[in-house]
Protein chains: 2
Amino acid sequence: MLTISQVAERTGLSVHALRFYEQEGILAHPVERDGGGRRVYTEEHVDWLTMCVLLRASGMPLPDIRRYTELVRQGPGTEDERLELMRAHQERVTGQIDELTRCLDLITFKVGVYEDRLADSPERVCGVGRM
Amino acid sequence: MLTISQVAERTGLSVHALRFYEQEGILAHPVERDGGGRRVYTEEHVDWLTMCVLLRASGMPLPDIRRYTELVRQGPGTEDERLELMRAHQERVTGQIDELTRCLDLITFKVGVYEDRLADSPERVCGVGRM
DNA sequence: TTAGGAGTTCGAGTCGGCTCTAGGTCAAAC
DNA sequence: GTTTGACCTAGAGCCGACTCGAACTCCTAA
């Protein structure tokens, strides 16, 4: 039994984002309301949202997360599509990691270049200049 | 001596993006114009832009790339700030890779879960259901 | 009983990074 | 000589994922 701000704190999402996610259908189980119409969350919601945060952090777009959420809501029998979704995302993420690793190589090379240049001539720099 | 569309093809940027980048000050050397006012690029531009594409692909924001470009334009004496910029970006990228790797662990776990579930009961799926 | 704080809805605004459109110029091919 | 296609500028539009604001309702505690 958690308030929206407690869930915000636990998940790292803002209260605005939490309402937005709910409206976007990014919750596997509906959020109850108390007498005054306020949202009442459970630990299950926190768990689900925590996973959503991870999916988002790895670049899964909201429409995909919504689709996945729908499949989970529909219950058993949708495992094949869930697997498909996750596999596709898995590939995207490995691809991203690969690309970032390639970029990192260049960046690390650049860092090395500047370190050397500055080590050689700490006062008046006289390197190649370009790039 | 290259036209904008040739540069677009070589760098993977659109012609729109190339004009936009120029306007944003993302070119270490100015682009010349022919008699008709058309941009004339050189291989050096392609090299520079290729690096910019890599920096963008690794999430460096345009303002940072612009700053880096300015420093290179200013020539020798700015190496310390260039190094600082690249080091900061290097850290961001390694951080990103770490985070993505953590996310990938969850995703791979999920994929495993669904593979097992589907392998156990290819016809009528009777798994736990939640998530 | 009233002030404060946390919650509500709905809709508008923001931001980065392009992308696209309109309206025009120019050189070459037909 | 006109049509085609690539180029130009300036500025508007788009997209995703929030973020923020206004105007309101509650509950609680002084």
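These numbers come from the heavy atoms of this one structure, side chains and all, not from hydrogens, waters or symmetry mates. Chain naming here is simple, since letters A, B, ... match the order of the sequence lines and numbering starts at 1 in each.
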Asks: Tell me whether the OP1 or OP2 atom of D:dA17 has a side-chain N or O from A:Tyr21 closer than 4.0 Å.
Replies: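 Result: no.
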Asks: Could you tell me the separation between the CZ atom of B:Arg56 and the P atom of C:dG16, rounded to a whole number of Å?
Replies: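 Between P of C:dG16 and CZ of B:Arg56: 11 Å.
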Asks: If the threshold is 4.0 Å, N to carboxylate O, is there a salt bridge linking B:Arg56 and B:Glu24?
Replies: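 Answer for the salt bridge query: no.
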Asks: Within the supplied structure, the quantity of interest is the number of heavy atoms (other residues, nucleotides, ligands) at a distance under 6.0 Å from B:Gln74 CD; does it exceed 12?
Replies: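 Buried by this count: over 12 neighbours within 6.0 Å.
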Asks: Hey, are B:Arg67 and B:Glu70 close enough for a salt bridge, meaning a charged N less than 4.0 Å from a carboxylate O?
Replies: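 Looking at B:Arg67 and B:Glu70, the cut-off is met.
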Asks: Should the pair B:Tyr68 and B:Trp48 be assigned to parallel (<30°), tilted (30 to 60°) or perpendicular (>60°) ring geometry?
Replies: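 B:Tyr68 and B:Trp48: parallel rings.
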Asks: Return whichever of A:Ser14 or A:Gly35 has its heavy-atom-nearest nucleotide of DNA chain D closer to the 5' end.
Replies: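 This one resolves to A:Ser14.
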Asks: When the distance from CD1 of B:Ile26 to P of C:dG17 is rounded to whole Å, what number comes out?
Replies: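 Result: 9 Å.
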Asks: If I take atom CD1 in residue B:Ile65 and atom C1' in nucleotide C:dG17, what distance separates them, rounded to the nearest angstrom?
Replies: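 B:Ile65 atom CD1 is separated from C:dG17 atom C1' by 11 Å.
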Asks: Using whole Å, report how far CG of A:Asp34 lies from C1' of D:dT28.
Replies: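 Computing the A:Asp34:CG to D:dT28:C1' distance gives 14 Å.
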Asks: Sugar-phosphate means primed atoms, P, OP1 and OP2; the rest is base. With that split, encode nucleotides 5-12 of chain D 5' to 3' as B, S or - using protein heavy atoms under 4.0 Å.
Replies: -BSSB---
Asks: Could you state the CG-P distance from A:Leu18 to C:dA6, rounded to the nearest angstrom?
Replies: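 It is 16 Å, rounded to the nearest whole Å.
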Asks: Is any side-chain heavy atom of B:Arg10 less than 4.5 Å from a side-chain heavy atom of B:Glu43?
Replies: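 Counting from C-beta outward, B:Arg10 and B:Glu43 do come under 4.5 Å.
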Asks: What is the separation between atom CZ on A:Phe20 and atom P on C:dA12, rounded to the nearest whole Å?
Replies: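 In whole Å, C:dA12 P lies 16 Å from A:Phe20 CZ.
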Asks: Starting at atom CE of B:Met60, determine the distance to atom P of C:dG16, rounded to an integer number of angstrom.
Replies: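 The distance from CE of B:Met60 to P of C:dG16 comes to 16 Å, rounded to the nearest Å.
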Asks: B:Leu13 CG to C:dG17 P: how many Å, rounded?
Replies: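 Rounding to the nearest Å, CG of B:Leu13 and P of C:dG17 are 13 Å apart.
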Asks: Can you check whether B:Asp105's main-chain N or O pairs, donor with acceptor, with B:Thr108's side chain at less than 3.5 Å?
Replies: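 Answer holds: no.
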